[in-house]
**Student:** 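Structure incoming, see below.
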Amino acid sequence: MQKTYAEIYRAWKDDHHAHWREAARAIDWFTEPTEIFNSTQGVYGRWFPDARGNTCHNCVDRHVAAGRGDVAALIYDSPVTGRKARFSYAELLERVNAMAAVLVDQGVEQGDRVILYMPMIPEAIFAMLACARIGAIHSVVFGGFAASELAARIDDSAAKLVVTASCGIEPNRVVAYKPLLDAAIDLARHKPDYCLVLQRPELAATLQDDRDIDLGAALDAARGRTVACAPLAATDPLYILYTSGTTGQPKGVIRDNGGHMVALAWTMRALYGVKPGEVYWAASDIGWVVGHSYIVYAPLLNGSTTVLYEGKPIGTPDAGAFWRVVEEYKVSVLFTAPTAFRAIRKEDPEGALVKHYDLSSLRALFLAGERADPDTLRWAEAVLGVPVIDHWWQTETGWAIVGNPLGLDALPVKHGSPTVPMPGYDLHVLDDAGHEVPAGTLGNIAIKLPLPPGCLPSFWNADERFRVACLSEFPGYYKTADAGYIDDDGYVFIMSRTDDIINVAGHRLSTGAMEEVCAGHPDVAECAVIGVADGIKGQAPAGFLVLKSNVSRESSLVEAEVVGLVREKIGPVAAFKMAICVKRLPKTRSGKILRGTMQKIADREDWKMPATIDDPAILEEIAEILAARRIG
Ligand code: COA
Ligand code: AMP
């Protein structure tokens, strides 16, 4: 008989190794693991240290070898170009082999880093899997980032090669990737050897003779070639994914091969309840962790069919786009961010478009990436008539820390809570001094070490930064930097970040990084960036600028320039549209900027004048400016 969540969680607590030894049986290893965890290796220990295997083999080859080559592996649906395509596992194998051959021809070897700056097209997935096949370490950079962000990633990873396309397509414009890449390479100290450029029909890129290679032609020439899957150590890195930290310098989260395969394969069955051959759709972007784990790796490890959707929830062409895809491909489980549902609801408040489609294949909607506000959750439940499951995780963990295991015995939903810790995660809520707080009390959510398989072993080339940022504040624990509480029933509630990270349309951004850019404007003396509540995006950044005393220009000119600067330096994804000049910033007597109080004022929450404030009049001024500009 199938075990319940409570039984599995208890069994894991009693014997971590037995749980993961059992889960590891789902993987086809070249060398089976005999040791499950070694606490003396790495920063806090390493999973499956003596096993060898290959992620691409498990995602592709093994399904073909098992006679499932005709099953659909990948469905590409692109309302922004009007193109659709379907690749069986056998076709996927052929495409990945060709891509791997192209990489090898350019001298890419095991351990080399390859930057993928790609829109949501099948070649992006072929390239990720091809890197996995030969043991190269991919680092996907989201298309909405600016050239300097791309340059920072090229430098930090010292990438040997970049794979890109001529353009991405946003509903309102064609985004030329190549000029951004050229600018990034000019800015970067490290220069990649080659750039493979896929020419898309919507916009041709100009290729540089000595550096750029036409990827389409190279793939055509490599059709039919095969490249063996490298027998990698389970602890070898599969990818680096850069994510916002508390400074302008992004953190390179490392994912290993073995633990990642074991954890993701487990989640497909236990958490999402999806079987091989069923269609699973994560409506995210491969530039984010959700895209890595649930557009690419997990569904393919599971032998399911994944959907790659190059479009938006609204406007491509309307708020029925998601329902069209669910009907057309018989999607069983849909995973997206709450912001997508807020956008759909705004366009179609009654959910009228849902009724135009047959959604009978859909068993559940999973939400993550930001807090799922109960109002949106209830709306989604009402219009879809299936369980709507919030789950909480981070780029660092790669899979859900807290969720509701639909594949086991789904627990009753409490709106506002992503439900319970997954096996592998021993959660504690600590006060700032590191003491456990009673049930129901807000505190820092920390995970007792070791982190489970699939979570980051460290940051790329930065063990010490990892220790300082994540492990030092609460010794023996990983600090999630999320605050929340656990109720008497063991349900976890995630309330806010404890650092400067904000969540804009499910995208994780650092206000500190935006402050660095604002402060770089020659007329700005000091600044503060906060996240203010936004009805669609959850949060939107707002920058408060104090101009230097000798500046005589119109403040609105500087505001517009600063908005442009953040777009140029961080990218459109920052959605930084509000820059506001103020005479002074509110500070404590010791000089700390009162960002929390400013945020409460902007969000029209109750706020109290802080006892430590230097000059109370400043906050009153800011409240007046925000009211006049109708912010909040
Ligand atoms: N390449 C280039 N630019 C991009 C981009 C990409 N891949 N993705 C987004 N951008 C740009 C957008 O065009 C927009 O630019 P603009 O200021 O010129 O309009 C800007 O970045 C902000 O994009 P976005 O945050 O997506 O806002 P939006 O208003 O275009 O769309 C939603 C809002 C809610 C529809 C959209 O954010 C969405 O679909 N979210 C789904 C959630 C999701 O994918 N989350 C990921 C984690 S699960
Ligand atoms: P990212 O690394 O981009 O996945 O962002 C991770 C952060 O997003 C988390 O640390 C949380 O702050 C937030 N987050 C993600 N999922 C949820 C959720 N289900 N509920 C609340 N916050 C979430």
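Computed over heavy atoms, backbone and side chain alike; hydrogens, waters and symmetry mates excluded.
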**Student:** Under the salt bridge (charged side-chain N to carboxylate O under 4.0 Å, His left out) criterion, do Glu396 and Lys251 qualify, and how do the steps go?
**Tutor:** CA-CA 10 Å; Glu396 288 84 344; Lys251 307 185 293 194; 3.3 Å; yes
**Student:** Measure from the side-chain N and O atoms of Ser78 to the backbone N and O of Ile121, and report whether any donor-acceptor pair falls under 3.5 Å.
**Tutor:**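 Side chain of Ser78 to backbone of Ile121, a donor-acceptor pair under 3.5 Å: no, none is there.
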**Student:** Is the number of heavy atoms from other residues, nucleotides or ligands within 6.0 Å of NZ (Lys600) greater than 12?
**Tutor:**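 At most 12 heavy atoms, drawn from other residues, nucleotides or ligands, come within 6.0 Å of this atom.
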**Student:** Can you confirm if the aromatic rings of His428 and His435 lie within a centre distance of less than 6.0 Å?
**Tutor:**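 Not under 6.0 Å, so no.
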**Student:** What do the steps show when you test Leu406 against Asn404 for side chain to side chain contact (heavy atoms under 4.5 Å, CB included), and what is the final call?
**Tutor:** CA-CA 6 Å; Leu406 195 71; Asn404 195 345; over 6 Å; no
**Student:** In terms of heavy-atom contacts, does CG of Asp70 have more than 12 from other residues, nucleotides or ligands at under 6.0 Å?
**Tutor:**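 Not more than 12 within 6.0 Å, no.
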**Student:** Go through Tyr89 and Asp61 one step at a time and tell me if the side chain to side chain donor-acceptor pair (under 3.5 Å) criterion holds.
**Tutor:** CA-CA 8 Å; Tyr89 273 98; Asp61 302 53; over 6 Å; no
**Student:** Looking only at heavy atoms, which two atoms of Thr480 and Trp392 are closest? And how far apart?
**Tutor:**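 Looking at all heavy atoms of both residues, the closest pair is CG2-CH2, 3.7 Å.
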**Student:** With a 6.0 Å cut-off (strictly less than), is the heavy-atom count around CZ of Arg86, excluding the residue itself, greater than 12?
**Tutor:**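 Incorrect, the count does not exceed 12.
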**Student:** Which distance, rounded to the nearest 0.5 Å, do you find between the CG of Leu377 and the CG of Leu365?
**Tutor:**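 Going from CG on Leu377 over to CG on Leu365, the span is 8.0 Å.
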**Student:** Nearest heavy-atom pair of Gly490 and Pro421: which atoms, and what distance?
**Tutor:**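 The pair with the smallest heavy-atom distance is O-CD, 4.1 Å.
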**Student:** Passes ring pair (Phe, Tyr, Trp, His ring centres under 6.0 Å), His356 versus Trp323? Steps please.
**Tutor:** CA-CA 8 Å; His356 296 185; Trp323 323 136; over 10 Å; no
**Student:** Given the side-chain rings of Trp281 and Tyr329, with only the six-membered ring counted for Trp, is the space between their centroids under 6.0 Å?
**Tutor:**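 Ring-ring flag for Trp281/Tyr329: false, centres at least 6.0 Å apart.
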**Student:** When you look at Arg324 and Glu327, which way does the salt bridge (charged side-chain N to carboxylate O under 4.0 Å, His left out) test go after all the steps?
**Tutor:** CA-CA 5 Å; Arg324 195 262 305 158; Glu327 177 188 276; over 6 Å; no
**Student:** Could you check whether any side-chain N or O of Arg371 sits under 3.5 Å from a backbone N or O of Ser496, counting only pairs where one atom can act as donor and the other as acceptor?
**Tutor:**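 Judged by distance alone, no pair lies under 3.5 Å.
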**Student:** If the plane angle is over 60° it's perpendicular, under 30° parallel, otherwise tilted; pick one for Phe341 and Trp379.
**Tutor:**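 Taking Trp379 first and then Phe341, their aromatic rings stand perpendicular (interplane angle over 60°).
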**Student:** Evaluate whether atom CZ of Arg10 has more than 12 neighbouring non-hydrogen atoms of other residues, nucleotides or ligands under 6.0 angstrom away.
**Tutor:**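 Counting other residues, nucleotides and ligands, CZ of Arg10 stays at 12 neighbours or fewer.
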**Student:** Output, in order, the C-alpha distance, side-chain angles, deciding distance and verdict of salt bridge (charged side-chain N to carboxylate O under 4.0 Å, His left out) for Lys312 and Glu347.
**Tutor:** CA-CA 13 Å; Lys312 302 267 174 177; Glu347 297 278 303; over 6 Å; no
**Student:** Let me see the working for Thr316 and Tyr309 under side chain to side chain donor-acceptor pair (under 3.5 Å), right down to the final yes or no.
**Tutor:** CA-CA 11 Å; Thr316 59; Tyr309 175 72; 3.2 Å; yes
**Student:** Where the side chain of Ser244 meets the backbone of Arg508, is there a donor-acceptor pair that is under 3.5 Å apart?
**Tutor:**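 Flag set: sc Ser244 to bb Arg508 pair under 3.5 Å.
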**Student:** Hey, can you tell me if Phe366 and His391 have their rings parallel, tilted or perpendicular (30° and 60° cut-offs)?
**Tutor:**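 Aromatic pair Phe366/His391 classed perpendicular.
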**Student:** When you measure from the side chain of Thr306 to the backbone N and O of Ile295, does any donor-acceptor pair fall under 3.5 Å?
**Tutor:**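 Flag set: sc Thr306 to bb Ile295 pair under 3.5 Å.
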**Student:** In terms of relative ring orientation, are Trp266 and Trp20 parallel, tilted or perpendicular, with 30° and 60° separating the classes?
**Tutor:**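 Taking Trp20 first and then Trp266, their aromatic rings stand perpendicular (interplane angle over 60°).
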**Student:** Could you go through Val413 and Val388, starting from their C-alpha distance and side-chain angles, then the distance that decides it, and tell me whether this counts as side chain to side chain contact (heavy atoms under 4.5 Å, CB included)?
**Tutor:** CA-CA 8 Å; Val413 169; Val388 178; over 6 Å; no
**Student:** How many angstroms lie between CD in Glu278 and CE in Met268, if you round to the nearest 0.5 Å?
**Tutor:**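 Answer for the CD-CE pair, Glu278 versus Met268, is 9.0 Å.
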**Student:** What's the separation between atom NE2 in His16 and atom CG in Asp426, rounded to the nearest 0.5 Å?
**Tutor:**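 That separation rounds to 6.5 Å.
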**Student:** What's the separation between atom CG in Leu264 and atom OG1 in Thr55, rounded to the nearest 0.5 Å?
**Tutor:**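 Leu264 atom CG to Thr55 atom OG1 measures 9.0 Å (nearest 0.5 Å).
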**Student:** Hey, what do you get for CG (Leu334) to CG (Leu384), rounding to the nearest 0.5 Å?
**Tutor:**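 One finds 8.0 Å between CG of Leu334 and CG of Leu384.
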**Student:** Could you tabulate the donor-acceptor pairs under 3.5 Å formed by side-chain atoms of residues 441-453, not counting sequence neighbours?
**Tutor:**
{"residue": "Thr441", "atom": "OG1", "partner": "Pro438", "partner atom": "O", "Å": "3.1"}
{"residue": "Asn444", "atom": "ND2", "partner": "Leu430", "partner atom": "O", "Å": "3.1"}
{"residue": "Asn444", "atom": "ND2", "partner": "Asp432", "partner atom": "OD1", "Å": "3.0"}

**Student:** What are the two closest non-hydrogen atoms of Ala602 and Val532, and how far apart are they?
**Tutor:**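 Minimum heavy-atom contact is CB-CG1, 3.4 Å.
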**Student:** So, for Ile286 and Ala124, which heavy atoms are closest and what is the spacing to 0.1 Å?
**Tutor:**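 Smallest heavy-atom distance, with atoms named: CD1-CB, 3.4 Å.
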**Student:** If you apply the rule salt bridge (charged side-chain N to carboxylate O under 4.0 Å, His left out), what do you find for Asp256 with Arg46, and how did you get there?
**Tutor:** CA-CA 10 Å; Asp256 71 12; Arg46 297 304 307 260; 3.7 Å; yes
**Student:** With no hydrogens and no angle check, is any side-chain donor or acceptor of Thr339 less than 3.5 Å from a backbone partner on Gly506?
**Tutor:**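 Answer holds: no.
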**Student:** Classify the ring geometry between Tyr297 and Tyr239 as parallel (under 30°), tilted (30 to 60°) or perpendicular (over 60°).
**Tutor:**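 Answer is parallel, since the angle falls under 30°.
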**Student:** Determine, step by step, whether His57 and His63 satisfy the ring pair (Phe, Tyr, Trp, His ring centres under 6.0 Å) criterion, reporting the C-alpha distance in whole Å, the side-chain angles of both residues, the deciding distance to 0.1 Å, and the verdict.
**Tutor:** CA-CA 9 Å; His57 167 81; His63 304 306; 9.0 Å; no
**Student:** Between Glu328 and Lys84, does at least one N-O distance fall below 4.0 Å, as a salt bridge requires?
**Tutor:**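 Salt bridge between Glu328 and Lys84, a charged N being under 4.0 Å from a carboxylate O: yes.
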**Student:** What closest approach, in Å, do Val71 and Gly277 show between heavy atoms, and which atom pair accounts for it?
**Tutor:**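 The answer is CG1-CA, 4.3 Å.
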**Student:** Considering the options Tyr477, Trp399, Tyr9, Trp12, which one meets the ring-ring contact (aromatic ring centres under 6.0 Å, His included) requirement together with Tyr425?
**Tutor:**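 For Tyr425, the ring-ring contact (aromatic ring centres under 6.0 Å, His included) check succeeds only for Trp399.
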**Student:** Just by distance, no angles: are the side chains of Gln394 and Asp482 close enough, under 3.5 Å, to form a donor-acceptor pair?
**Tutor:**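 Result is yes, a qualifying pair exists.
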**Student:** With under 30° as parallel and over 60° as perpendicular, where do the rings of Tyr294 and Tyr280 fit, or are they tilted in between?
**Tutor:**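 Aromatic pair Tyr294/Tyr280 classed tilted.
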**Student:** Without swapping roles, check the side chain of Asn503 against the backbone of Gly369 for a donor-acceptor pair under 3.5 Å.
**Tutor:**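 Side chain of Asn503 to backbone of Gly369: a pair is present.
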**Student:** At what distance, to the nearest 0.5 angstrom, does OG1 of Thr511 lie from CD of Gln539?
**Tutor:**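 Separation between the atoms: 9.5 Å.
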**Student:** Please test Phe48 against Trp29 for ring pair (Phe, Tyr, Trp, His ring centres under 6.0 Å), starting from the C-alpha separation and ending with a verdict.
**Tutor:** CA-CA 11 Å; Phe48 311 111; Trp29 302 98; 5.7 Å; yes
**Student:** Would Lys414 pass as a cation-pi partner of Tyr491, given that its NZ or CZ must be under 6.0 Å from the six-membered ring centre and within 45 degrees of the axis?
**Tutor:**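 Judged by the rule (NZ or CZ under 6.0 Å from the ring centre, within 45° of its axis), Lys414 counts as positioned above Tyr491.
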**Student:** Of all the heavy-atom pairs spanning Val96 and Cys56, show the shortest one and how long it is.
**Tutor:**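 Distance-wise, the nearest heavy atoms are CG1-SG, 3.8 Å.
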**Student:** Under the 3.5 angstrom rule, does the side chain of Thr336 hit a backbone N or O of Ala283 as a donor-acceptor pair?
**Tutor:**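 At least one qualifying donor-acceptor pair exists.
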**Student:** Under 30°, 30 to 60°, or over 60°: which ring-plane class applies to Trp393 and Phe335, parallel, tilted or perpendicular?
**Tutor:**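 Plane angle between 30° and 60°, so tilted.
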**Student:** Less than 4.0 Å between a side-chain N and a carboxylate O, is that true for Glu370 and Lys537?
**Tutor:**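 Looking at Lys537 and Glu370, the cut-off is not met.
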**Student:** Taking atom types as modelled, is there a side-chain donor on Arg345 or Thr376 under 3.5 Å from an acceptor on the other?
**Tutor:**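 Side chains of Arg345 and Thr376: no pair found under 3.5 Å.
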